[in-house]
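In what follows, a single structure is set out as structure tokens and then discussed.
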Amino acid sequence: MLTSRWLLLALLALSAYAQTAPFTAAQSAAGLALYQTHCATCHLADLAGRNEAPQLAGANFLTAWSRRSTRDLFVNMKSTMPPSSPGGLGEDAYVNITAFLLHANGAAPGSQPLAATTRLPLGSLINGQTPPALRQTLTAAANANQAGPPPTVAGPKGLTVSGEVRRFTPVTDAMLRQPDPGDWLMIRRNYEGWSYSPLSQINPSNVASLQLAWVWAMNDGGASQPTPIVHDGIIYLSNTSNTVQALDGRTGDLIWEHRLGPESTRAYGATRSLALYQDKLFVPTTDARLYALQARTGKLLWQADVGPAGRGYTNSAGPLVVNGKVIQSLTGCSSYKPEGCFLSAFDAETGQLAWKFSTIAREGTPGGDTWGALPNLLRAGGDTWITGSYDPELDTAYWGISQAKPWLRVSRGAKPGDKGLFTNSTVALNPANGQLRWHFQHVPGESLDLDEVFERVLLNRGSQKLLFTIGKAGVLWKLDRATGKFLSHKETVFQNVFSRIDPQTGEPTYRPDILEQKIGEWIQACPSTQGGHNWQPMSYHPGTHQLIIPLSQSCMDMAGRQVAFKEGSGGGAADRRFYDMPGTKGKMGKLAAFDIDTMQQLWSVEQRAPFLTAVLSTAGDLAFAGDLDRYFRAYDVRTGAELWKTRLGTSVQGHPVSFSIDGVQYIAVTTGLGGGSPRDVPRVVAPEIRHPGNGNALYVFRLPSR
């Protein structure tokens, strides 16, 4: 919420200009307040844009909108914003926000009010330059973390609830390599990324009796996609607004709570996991910091900056602790900035930086020539917004790197053949020093925001050491993880962006019209940026040697925009239109199992609602998954048959886990809101699927007591 001082500055800025434009100072001031409350969570307080939310002021906005009208801008906002309730702000609000955007792009307010029916060419009104006084106001809002609405749960920062975990066993390297069956110590449970529990008490013969043990209401606001971390019967839970809690796994009683902040968590800024090591709980926050808390009490031990402060860096991936080093990912790399993007490792005891690995090959370094003539400043992207995996035997960490930015090659000024390492690659790193051991680029020169950043699943088949991963294009990749050699692939959903994938090398070839792309021309693509596959991890079930994968089936048209090649520009820089995937009969959600040897599909479940959780498989031959329509279900891993379901308070989203206490097996899952394309596409394609706009919570299930 803006302070009165900022509103005064804004009004002074509005009144300082000649009365020449079709809106008033009062309309723009009202639009400014509305923007900060309803729009800045995604587009940022200074209109700089982030991820899928474009810049709303400056040269890029001018390029995108100068040939369109004030009426077009009004209609576009009213029909699409906010994503959770298009048109929900009321006509006057959209008119006022339109007036504010005109002023933020150089138009001077006048005496004539703007109306919803006003139709004037924007190119005659705006120049893409924010007036200095208004720029000062917006910068002050951004610097004060006014990037969204006030938090749902207000309160002081720091240790807000004091308590102590009475029985805590320090987590050793050996425990991380061979976790106790009753624990869930990291995202996807083990270093190999299986999302599999060895517990079998709950099985096909009794899962129909599964019942709710307890529920814990979590913070609302922002994006929630957490992994409950469980050790010695205690659940460590990350909430929106960077709040961490310790809960008794038996009862759901709160033991301690630490509010780290910032509270203005952005809609795309989910924190997906925490990590335990020795006596510490490691917490990455949405402002690109890493905290170490005392696991027993929640007290702060140290903190470190992952990305430089004030440079737009963020975080969503949880850390991975390997031999005393906390490896942490980074996001917020879509805009042009000198630092580029990187992975980091910190000393677990002190928080001191141990190493950095640049995910964008710089000029004069190995792979630097794959960016052609683009200077370092214009090499954007390479975010690492999903946690990697680790092989203790090979002592190698594996990470997925996201796509280059802007999304389309033509927008980023790249030429055909520019591969842009290490974007859309698997990188194998020495965890001791961050040195590259090998890389495999899944899609060189990726051009449609179909990135390959997601989970890396490690498993052995006889003497062969395998790595599996799948990206938004829906292609399941099989690699030799010792060498990076391509072994095989499988198209899991309909795709038409690649005309061919070489069966020997795995290198894909784009359709000719994608290679010949031009600014402003629409390109049809299946899947859409929803994926194929997205952040919701697959599960490896060792008993059946299959991967169970949550998939989505939708398509899009994408058109690239011209961007200014200067610091602070960049971003996605494209427009998109979404629709159902042909041949699916509107069934957007797909859950499918694939044999790791043959890569053939064994079974699938298809439905209208997309799946929004990781898959949890268990030694009890069950697979659990939740969806947008509030259902949480258990399936038979051998057939895909539905064995149990329940409907929860809002959309089921996050990483389900299983743990045990005193011989009793529990299943835990979160309901959650917020996120990028996996949430945005269903709002357009399947608006009939409705759910409450609040209700983030942790649900814990067990069999009835005997």
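What you see below is based on every heavy atom in this structure, not just the backbone, and it leaves out hydrogens, waters and symmetry mates.
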Inset, instruction - Test Trp371 against Ile360 for side-chain contact (heavy atoms from CB on, under 4.5 Å), laying out the working first. - result: CA-CA 9 Å; Trp371 288 84; Ile360 299 294; 3.7 Å; yes
Inset, instruction - Kindly indicate, with the supporting measurements, whether the criterion side-chain contact (heavy atoms from CB on, under 4.5 Å) is fulfilled by Val497 and Leu450. - result: CA-CA 10 Å; Val497 295; Leu450 299 179; 4.2 Å; yes
Inset, instruction - Could you please spell out the steps behind the side-chain contact (heavy atoms from CB on, under 4.5 Å) verdict for Arg272 and Trp535? - result: CA-CA 10 Å; Arg272 296 187 175 90; Trp535 64 263; 4.0 Å; yes
Inset, instruction - Begin from the C-alpha positions of Leu330 and Leu343 and carry the test side-chain contact (heavy atoms from CB on, under 4.5 Å) through to its verdict. - result: CA-CA 6 Å; Leu330 189 66; Leu343 276 167; over 6 Å; no
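Proximity of a side-chain donor or acceptor of Tyr94 to a complementary backbone N or O of Gly88 within less than 3.5 Å is detected. With His533 contributing its side chain and Ala473 its backbone, the two residues share no donor-acceptor pair below 3.5 Å. A donor-acceptor distance shorter than 3.5 angstrom exists from the side chain of Asn376 to the backbone of Glu363, with no hydrogens or angles considered. With hydrogens and angles disregarded, a donor-acceptor distance shorter than 3.5 Å links the side chain of Ser69 to the backbone of Asp72. Judged by distance alone, the side chain of Gln517 and the main-chain N or O of Ile514 form a donor-acceptor pair under 3.5 Å. When atom types are taken as modelled, the side chain of Ser224 and the backbone of Gly672 share no donor-acceptor pair closer than 3.5 angstrom. The closest donor-acceptor contact from the side chain of Asn105 to the backbone of Leu56 lies under 3.5 Å. At distances below 3.5 Å, not a single donor-acceptor pair connects side-chain atoms of Ser28 with backbone N or O atoms of Ala25. Side-chain N or O atoms of Thr365 include none that pairs as donor or acceptor with a backbone N or O of Ala361 at under 3.5 Å. Asp627 places a side-chain N or O within 3.5 Å of a backbone atom of Asp629 that can act as its donor or acceptor partner.
For the pair Ser402 and Val453, the tightest heavy-atom approach, listed with the atom from each and the gap, is N-CG2, 3.7 Å. Of all the heavy atoms in Ala223 and Thr240, the pair that sits closest is O-CG2, 3.3 Å. Contact detail for Thr285 and Asn315: the closest heavy-atom pair is O-CB, 3.4 Å. The two residues Gly675 and Gln225 have their closest heavy-atom pair at CA-NE2, 3.9 Å. When every heavy atom of Pro682 is checked against every heavy atom of Pro610, the shortest pair comes out as CG-CG, 3.7 Å. Nearest heavy atom pair, residue Ala573 against residue Gly570, reads CB-O, 4.1 Å.
In summary, Asp449 and Lys472 engage in a salt bridge, as defined by a charged side-chain N under 4.0 Å from a carboxylate O. Residues Asp383 and Lys405 are paired through a salt bridge, judged by an N-O separation under 4.0 Å between the basic side chain and the carboxylate. Salt bridge status for Glu567 with Lys337: absent, with no side-chain N to carboxylate O gap under 4.0 Å. For Asp502 and Arg500, the salt-bridge test passes: some basic side-chain N is under 4.0 Å from an acidic carboxylate O.
Proximity of Leu448 to Ile523: side-chain heavy atoms (C-beta onward) are separated by under 4.5 Å at one or more points. Between Gln55 and Leu47 the shortest side-chain heavy-atom distance does not fall below 4.5 Å. Side-chain contact between Val475 and Ile501 is present, with heavy atoms from C-beta onward closer than 4.5 Å. Considering only heavy atoms from C-beta on, Arg561 stays 4.5 Å or farther from Asn60 through its side chain. Taking 4.5 Å as the limit, every side-chain heavy atom of Ser329 sits out of range of all side-chain heavy atoms of Ile386. Between Thr359 and Cys341 the shortest side-chain heavy-atom distance falls below 4.5 Å. Side-chain contact between Pro113 and Gln27: present, with at least one pair of heavy atoms (C-beta onward) separated by less than 4.5 Å. Annotation: side chain of Phe23 is not in contact with side chain of Phe100 (no heavy-atom distance under 4.5 Å).
There is a side-chain donor-acceptor pair under 3.5 Å between Gln524 and Tyr579. A side-chain N or O of Arg679 and one of Gln653 form a donor-acceptor pair less than 3.5 Å apart. The closest side-chain donor-acceptor pair between Glu606 and Gln553 falls under 3.5 angstrom. There is no side-chain donor-acceptor pair under 3.5 Å between Arg683 and Thr80. A donor atom on one side chain and an acceptor atom on the other are not found under 3.5 Å apart for Asn424 and Gln441. A donor-acceptor pair shorter than 3.5 Å can be found between the side chains of Thr314 and Thr331. A donor and an acceptor atom, one from each side chain of Arg71 and Thr117, are nowhere located under 3.5 Å apart. Ser554 and Gln530 share a donor-acceptor pair across their side chains, judged by distance under 3.5 Å alone. Using a 3.5 Å distance cut-off with no hydrogens or angles, the side chains of Thr118 and Thr70 do not pair a donor with an acceptor. His442 and Ser425 share no donor-acceptor pair across their side chains, judged by distance under 3.5 Å alone. Between Glu446 and Trp407, the side chains place no donor N or O within less than 3.5 Å of an acceptor N or O (distance only, hydrogens not considered).
To the nearest 0.5 Å, the span separating OG1 on Thr24 from CD on Gln112 amounts to 10.5 Å. Considering OG of Ser651 and CG of Leu628, their distance stands at 6.0 Å, rounded to 0.5 Å. Rounded to the nearest 0.5 Å, atoms CG (Leu612) and OG (Ser552) are 7.5 Å apart. Expressed to the nearest 0.5 Å, how far CD of Glu516 lies from CZ of Arg409 amounts to 9.5 Å. For the atom pair Ser528 OG and Met581 CE, the distance stands at 7.5 Å (nearest 0.5 Å). Between the NZ atom of Lys518 and the CG atom of Leu408 there is a distance of 12.5 Å, given to the nearest 0.5 Å.
A tilted orientation is assigned to the rings of Phe342 and Tyr313, their planes being inclined by 30° to 60°. Between His43 and Tyr35, the ring-plane angle classifies as tilted under the 30° and 60° cut-offs.
Within the structure, the salt bridge (charged side-chain N to carboxylate O under 4.0 Å, His left out) test picks out no pair touching residues 411-421 (sequence neighbours left out).
Here the two rings, on Phe422 and Trp399, have centers that are 6.0 Å apart or farther.
When the shell of 6.0 Å around CZ of Arg690 is examined, it contains 12 or fewer heavy atoms from other residues, nucleotides or ligands. Surrounding CZ of Arg362 are more than 12 heavy atoms belonging to other residues, nucleotides or ligands, all under 6.0 Å away.
Checked options Asn96, Ile97, Leu34; the residue passing with Leu89 is Ile97 (criterion: side-chain contact (heavy atoms from CB on, under 4.5 Å)).
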